[in-house]
Amino acid sequence: MELFKRRKTYYLYNPNTLNYERVYPSAKDRFIGVLRHLSIGIIIGVGIFYALSKTFDSPVESLLKKENKLMQTQYEVLSLRLNNALEVLSDIQQRDENLYRTIFQAESIPESVRKSGFGGSNRYEHLMSLSNAELVISTTKKMDMLRKQLYVQSNSLDELISLGKSQEQRNKCIPAIQPIANKDLKQTASGYGMRIDPIYRTPRFHSGMDFSAKIGTDIYATGDGIVTYAAWKQGYGNCLMINHGYGFQTVYGHLQKFRVRVGTKVKRGEIIGEVGNTGKSTGPHLHYEVIVRGAHDNPSKYYYMDLTPEEYDRMIQIAENHGQVMD
Ligand SMILES: [Zn+2]
C-alpha cells in the first residue's frame with residue numbers, strides 16, 4: 001500500500017522553473033498505456049488463437065476425428081455384414097420351416113416368435129447421445145435381432161434332433177420291405193384296388209397284394225413290431241398280424257406254417273412264416289395287407305427300403321396289372 005502510494009507520486013524536473021514538479025497524469029497515462037497495450041495484445045492473441053483453432057485442428061483433435069471417421073466406416077461395414085448374416089439366417093429359417101420341420105411333422109414356429117423384437121422402446125436410449133447415434137443404434141439393433149433369431153433357430157434344430165431320434169425308431173417299425181424276397185417271387189402277383197374275384201369272376205376290391213411263390217417260401221416281417229394274431233381266419237386261412245405301432249399294422253394270409261406266435265417281438269426281415277395255400281386261395285401265394293390307422297393302404301407304397309428303382313418299377317407293373325387276384 002505504502003509502496004504503491006509512493007510510486008503513484010511522480011516528480012519531474014522542470015528546467016524553466018528549476019523545480020521538481022509533481023506530475024500525476026504521466027504515471028497514470030503510462031500505466032493505462034501499458035494496460036491498454038496489454039489488453040489489446042491479449043485480445044488480438046485470443047482472437048488469433050480462436051480463429052486458428054476454428055480453422056485448424058489441434059493434433060489430438062485431428063487424431064480423434066480420424067479415429068471417429070474410421071469407427072464410422074467400420075460400423076457401416078459391420079452393418080452391411082449383419083445384413084448379410086440376417087439374410088443367410090432368414091434362408092435357414094425358411095428351410096427349417098418349409099422342409100425340416102415339415103419332414104419331422106413338427107409344429108411350425110410362427111414368424112411372430114422367430115422375429116419378435118425386444119421389449120421396451122428405450123433399450124437404446126443410452127446410445128442416443130452419440131454423434132452417430134442412428135448408425136450405432138441400427139447396427140446394435142441388427143446384432144440383437146441376429147442373436148435372438150439364432151437362439152430360436154438353434155432351439156428349433158435341437159427339437160428336430162430329438163424328433164429325428166424318435167423318427168429313427170418309427171422308421172424301424174413302419175413296413176418298408178417286401179414280405180417275400182424278390183428271388184422267390186413268381187411272375188404272377190396282383191395288386192391293391194379293384195380286381196376280378198378269382199372265384200366269382202366279378203370286380204371286387206382287393207385290400208392287399210398277392211405274392212405268388214412256392215409253398216414253404218419264407219415270409220418276412222416288413223417292420224419291427226409285435227405279433228398280435230397267429231391263427232385261422234375266415235377267408236385268410238392261416239393268418240398272421242403284426243402291430244408295428246405308430247398306427248401301422250400288417251396282415252399275412254394263406255400261410256402254410258407260422259414261425260412266430262402271438263406276443264412275439266419281431267424285427268424287420270425276420271422270418272415269421274411260410275407261404276401256403278390255406279383259406280380262400282386259388283394257388284400258393286401270400287396275401288399281404290398294410291393297415292394304417294385302421295384303413296387299408298396300398299402295400300406297394302411300403303417297399304421303399306429293399307428295392308432298386310428297376311425292381312420297384314417291375315413290382316408296380318406286376319401289382320398294377322388287372323389280372324385276377326389269388327385272394
Ligand atoms: Zn390277396
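Along the sequence shown, residues carry numbers from 1. Indexing begins at 1, ligand by ligand and atom by atom, following the structure's order.
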Could you pull out the atom name of the N/O/S atom in Asp210 that is nearest the Zn ion (ligand 1)?
->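 Considering only N, O and S atoms, Asp210 comes nearest to the Zn ion (ligand 1) through OD1.
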By atom name, which N, O or S atom belonging to His287 lies closest to the Zn ion (ligand 1)?
->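 Nearest N/O/S atom: ND1.
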With sequence neighbours left out, what residues match His244 under side-chain hydrogen bond (donor to acceptor under 3.5 Å, both in side chains)?
-> Thr250
For a quick test of your reading: what N or O donor-acceptor pairs under 3.5 Å do the side chains of residues 36-57 make, sequence neighbours left out?
from  : atom 1 : to    : atom 2 : distance (Å)
His37 : ND1    : Gly33 : O      : 2.9
Ser39 : OG     : Leu35 : O      : 2.5
Ser39 : OG     : Arg36 : O      : 3.1
Ser53 : OG     : Phe49 : O      : 3.2
Ser53 : OG     : Tyr50 : O      : 2.9
Thr55 : OG1    : Ala51 : O      : 2.6
Asp57 : OD2    : Lys65 : NZ     : 3.4

With the Zn ion (ligand 1) at the apex, how many degrees lie between O of Asp327 and NE2 of His206, rounded to 10 degrees?
->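 My answer is 150°, to the nearest 10°.
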Do side-chain atoms of Thr102 reach the backbone of Glu97 as a donor and acceptor pair under 3.5 angstrom?
-> yes
Find the distance between OG1 (Thr217) and CD1 (Ile271) and round it off to the nearest 0.5 Å.
-> 11.0 Å
